[in-house]
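Just follow the structure's listing: the first ligand is 1, and inside any ligand the first atom is 1. We use all heavy atoms of the structure for the numbers below, so side chains are in, but hydrogens, waters and symmetry mates are not. Bear in mind the structure is a predicted one, so any value in this text is a computation, not a measurement.
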Amino acid sequence: MPYRVVLIGAGIISRNHLNAIRQMKELSAAAVADIDEERGRTVSGEYGIAYYSNYKEMIRIEKPDIVIIALPHFLHEECAIWCAAQGCHLLLEKPMALNVKQCDAILGAARASGVKLMVGHTQHYWPANLLAKTFIESGVLGKLLAIQDTRHLYYFSEHRPAWFLDKAKAGGGILMNLGAHSIDKIQWLTGSRIKKVKAALSYEGTRGNVEGSGCIFLETSSGVSAVIVQSGYAGVARDETELIFTQGMIRLVSAKGMWVSRDGRYEEVKPPCSADPFVLQFEDLLQAIRQDAEPGSTGEYARSVIAALEAVYRSDEMGVEQTLDTE
Ligand SMILES: NC(=O)c1ccc[n+]([C@@H]2O[C@H](COP(=O)([O-])OP(=O)(O)OC[C@H]3O[C@@H](n4cnc5c(N)ncnc54)[C@H](O)[C@@H]3O)[C@@H](O)[C@H]2O)c1
């Protein structure tokens, strides 16, 4: 029998999850809940699943094995705690919560109920990222010294849901949302944690009260230096990561691929697998459930991303470098 899955939040990311479930015989999507009836019913119709306006009612009636939580960030904590208490395994979207205190409350609830908690750090499942990690670990390009991560995306578009631009609901702007991916990527690729952070943010957006750009200098516990530059203002969209080694470089272009340079020019190296990252993410969660093991992106790991993001905002406010406890 396939595992029954329900989805809370029929927003932008909902279809990535439901399309992945469609490709997997081990999973069956049962229902979606959203307080926005039109949105919820549209997704329910597209995927032939039930619609509920109230997620608690959905879970009481559908009794799912797995719940995907794809809600605005300020609702992650209360929803994850409630769902864990119902005995459901959780795929909680990134960023885990608004702050470390909320992460700890979610971790405590998952532990108390004995359910698996995975946070949707999808960077771990992009085929080009997986390939880059094998290059780093094999040492074929020598020692990894530095990472430069660039993300530009017009963040204040009229199409962006308003909660993303409200600090109380989103926890921050482009850095909380997309910076979470950058910090995760740096930690996961290097197999280490962010140890030092110095950040300068700007608040020049046309909507809301969140930051619209950031320049962050980081150091990992493994000794790699990294720079994240993000702009949510006008310009050309970009999502690239450059890895600098002693004997070459790797360029990752999100959702496009990986290029390697040893002698003055970049050549594309195709990843051996081209699987949908959301399928790989579910496979990881399923393995953790079946083997009573931990998934690749645990709640404890996701908490470390939030701790680094808290340090980013603290560093900008105080104007000084922040050191994180990585023990
Ligand atoms: N992994 C990724 O690459 C990725 C990409 C995009 C978004 N995300 C994350 O996914 C989450 C959702 O983002 P989104 O872009 O889909 O947002 P969204 O605003 O498009 O969707 C959120 C949905 O939640 C619904 N909602 C709000 N309160 C609710 C409640 N109490 N009960 C039921 N439904 C409720 C809203 O009506 C909305 O439809 C966020 O955590 C975001 O950061 C992750």
Side-chain angles (χ1 to χ4, degrees), residues 6-20 31-44 46 50-60 62 67-83 90-99 102-103 106 118-126 129 151 153 155 157-185 188 207-208 210 232 239 254-255 276-282 284-285 295-297 299 301-302 305-306 309:
V6 297
L7 172 66
I8 307 178
I12 297 161
I13 199 66
S14 62
R15 287 173 180 81
N16 296 68
H17 291 295
L18 292 169
N19 289 339
V32 59
D34 200 302
I35 49 169
D36 182 322
E37 181 167 352
E38 193 187 331
R39 211 176 288 177
R41 285 203 184 279
T42 302
V43 168
S44 131
E46 274 174 37
Y51 164 71
Y52 294 82
S53 57
N54 182 314
Y55 74 78
K56 294 184 179 175
E57 188 193 352
M58 171 174 74
I59 286 168
R60 282 194 198 104
E62 299 288 343
V67 178
I68 306 163
I69 300 174
L71 289 173
H73 305 160
F74 72 104
L75 297 171
H76 286 194
E77 180 195 22
E78 72 174 66
C79 183
I81 290 174
W82 192 85
C83 294
L90 305 177
L91 171 48
L92 173 60
E93 263 302 345
K94 53 56 63 180
M96 184 173 175
L98 295 179
N99 51 51
Q102 292 189 352
C103 295
I106 296 171
M118 172 186 230
V119 177
H121 282 300
T122 36
Q123 294 300 317
H124 302 202
Y125 307 99
W126 283 98
N129 291 357
R151 187 86 196 251
L153 177 80
Y155 204 72
S157 141
E158 57 181 300
H159 303 296
R160 179 170 295 285
W163 69 264
F164 273 110
L165 303 168
D166 179 346
K167 175 96 179 160
K169 292 185 172 166
I174 190 166
L175 289 159
M176 189 69 182
N177 185 11
L178 308 180
H181 287 303
S182 300
I183 285 172
D184 165 42
K185 199 189 291 182
W188 174 74
R207 297 169 60 199
V210 296
D239 187 356
S254 187
D276 176 342
F278 286 81
V279 168
L280 296 180
Q281 181 168 260
F282 277 122
D284 193 354
L285 178 60
S297 170
Y301 173 82
V305 175
I306 300 297
L309 283 163

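Residue Ile12 places at least one N or O, backbone or side chain, under 3.5 Å from an N or O of ligand 1. Between Ser53 and ligand 1, not a single N/O pair is under 3.5 Å apart. For ligand 1, none of its N or O atoms has an N or O atom of Ser14 under 3.5 Å away. Note: no N/O pair closer than 3.5 Å links Tyr55 and ligand 1 by distance alone.
Taking each of Lys56, Lys94, Gln123 in turn, the one with a heavy atom nearest to atom 9 (C) of ligand 1 proves to be Lys94. In this structure, of Leu92, Asp34, Thr122, Leu7, the residue bringing a heavy atom nearest to atom 23 (C) of ligand 1 is Asp34. Of all the listed residues (Phe164, Tyr52, Phe278), Phe164 holds the heavy atom that lies closest to atom 13 (O) of ligand 1.
Residues forming a salt bridge (Lys or Arg N to Asp or Glu O under 4.0 Å) with Glu62 (at least two apart in sequence, or on another chain): Arg4.
Summary of contacts: the protein heavy atom closest to atom 38 (C) of ligand 1 is Arg39 NH1, 3.1 Å. Of the protein's non-hydrogen atoms, the one nearest atom 7 (C) of ligand 1 is Ile13 CB, 3.9 Å. Here the protein heavy atom with the shortest distance to atom 43 (O) of ligand 1 is His73 NE2, 2.8 Å. For atom 26 (N) of ligand 1, the nearest non-hydrogen atom of the protein is Leu71 CD2, 3.6 Å. For atom 21 (O) of ligand 1, the closest heavy atom belonging to the protein is Gly11 CA, 3.2 Å. The shortest contact between atom 12 (C) of ligand 1 and any protein heavy atom is with Ala70 O, 3.5 Å. At the top of the distance list for atom 8 (N) of ligand 1, counting protein heavy atoms only, stands Glu93 OE1, 3.8 Å. Nearest protein neighbour of atom 32 (N) of ligand 1, counting heavy atoms only, is Ile35 CG2, 3.8 Å.
Ligand 1 lies nowhere less than 4.0 angstrom from a heavy atom belonging to His121.
Near Pro95, the atoms of ligand 1 lying under 4.0 angstrom from a non-hydrogen atom of the residue are 43 (O). Heavy-atom contacts of His76 reach the following atoms of ligand 1: 41 (O) (cutoff under 4.0 Å). Atoms of ligand 1 found under 4.0 Å from any heavy atom of Pro161 (numbered from 1 in listed order, with element): 19 (O). Ligand-side atoms of ligand 1 in range of Gly120: 1 (N), range being under 4.0 angstrom from any heavy atom. Counting atoms of ligand 1 from 1 in the listed order, those under 4.0 Å from a heavy atom of Asp36 are 37 (O). Residue Asn177 has at least one heavy-atom neighbour below 4.0 Å for each of these atoms of ligand 1: 43 (O).
Between Met176 and Leu309, the closest side-chain pair of non-hydrogen atoms falls below 4.5 Å. When side chains are defined from C-beta on, His76 counts as touching Leu71, because their heavy atoms get closer than 4.5 Å. The side-chain heavy atoms of Tyr55 and Val6, taken from C-beta on, include no pair separated by under 4.5 Å. Counting only heavy atoms from C-beta outward, the side chains of Arg160 and Leu165 approach each other to under 4.5 Å. Side-chain contact between Asn177 and Tyr155 is present, with at least one heavy-atom pair separated by less than 4.5 Å. By the 4.5 Å heavy-atom criterion applied to side chains, Lys94 and Asp184 are not counted as neighbours. No side-chain heavy atom of Trp126 sits under 4.5 Å from any side-chain heavy atom of Lys185. Counting heavy atoms from C-beta outward, Ile59 and Ile8 have side chains that approach closer than 4.5 Å.
Here the side chain of Ser297 pairs a donor or acceptor atom with the backbone of Val119 at under 3.5 angstrom. Of the possible donor and acceptor atoms, none in the side chain of Arg207 sits under 3.5 Å from a partner among the backbone N and O of Asp166. At least one donor-acceptor pair under 3.5 Å links the side chain of Asp284 to the backbone N or O of Gly296.
When non-hydrogen atoms are compared, ligand 1 lies under 4.0 Å from the side chain of Leu75 (C-beta onward) but not from its backbone. By the criterion of a heavy-atom distance under 4.0 Å, the side chain of His181, and not its backbone, is placed next to ligand 1. At a heavy-atom cutoff of 4.0 Å, ligand 1 is contacted by no atom of Asn16, backbone or side chain.
Under a cut-off of 6.0 angstrom, the local environment of NZ in Lys169 is sparse, with at most 12 non-hydrogen atoms contributed by other residues, nucleotides or ligands.
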Only distances under 3.5 Å count here; give the side-chain donor-acceptor pairs of residues 32-44 to other protein atoms, sequence neighbours excluded, each with its distance to 0.1 Å.
unit_1: Asp34; atom_1: OD1; unit_2: Asp36; atom_2: N; d: 2.8
unit_1: Asp34; atom_1: OD2; unit_2: Ala10; atom_2: N; d: 2.7
unit_1: Asp36; atom_1: OD1; unit_2: Glu38; atom_2: N; d: 3.2
unit_1: Asp36; atom_1: OD1; unit_2: Arg39; atom_2: N; d: 3.1
unit_1: Glu37; atom_1: OE2; unit_2: Arg41; atom_2: NE; d: 2.7
unit_1: Glu37; atom_1: OE2; unit_2: Arg41; atom_2: NH2; d: 3.4
unit_1: Thr42; atom_1: OG1; unit_2: Glu38; atom_2: O; d: 2.7
unit_1: Ser44; atom_1: OG; unit_2: Ile49; atom_2: O; d: 2.9

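Ring orientation note: the planes of Trp163 and His73 are nearly perpendicular, at an angle over 60° on the 30°/60° scale.
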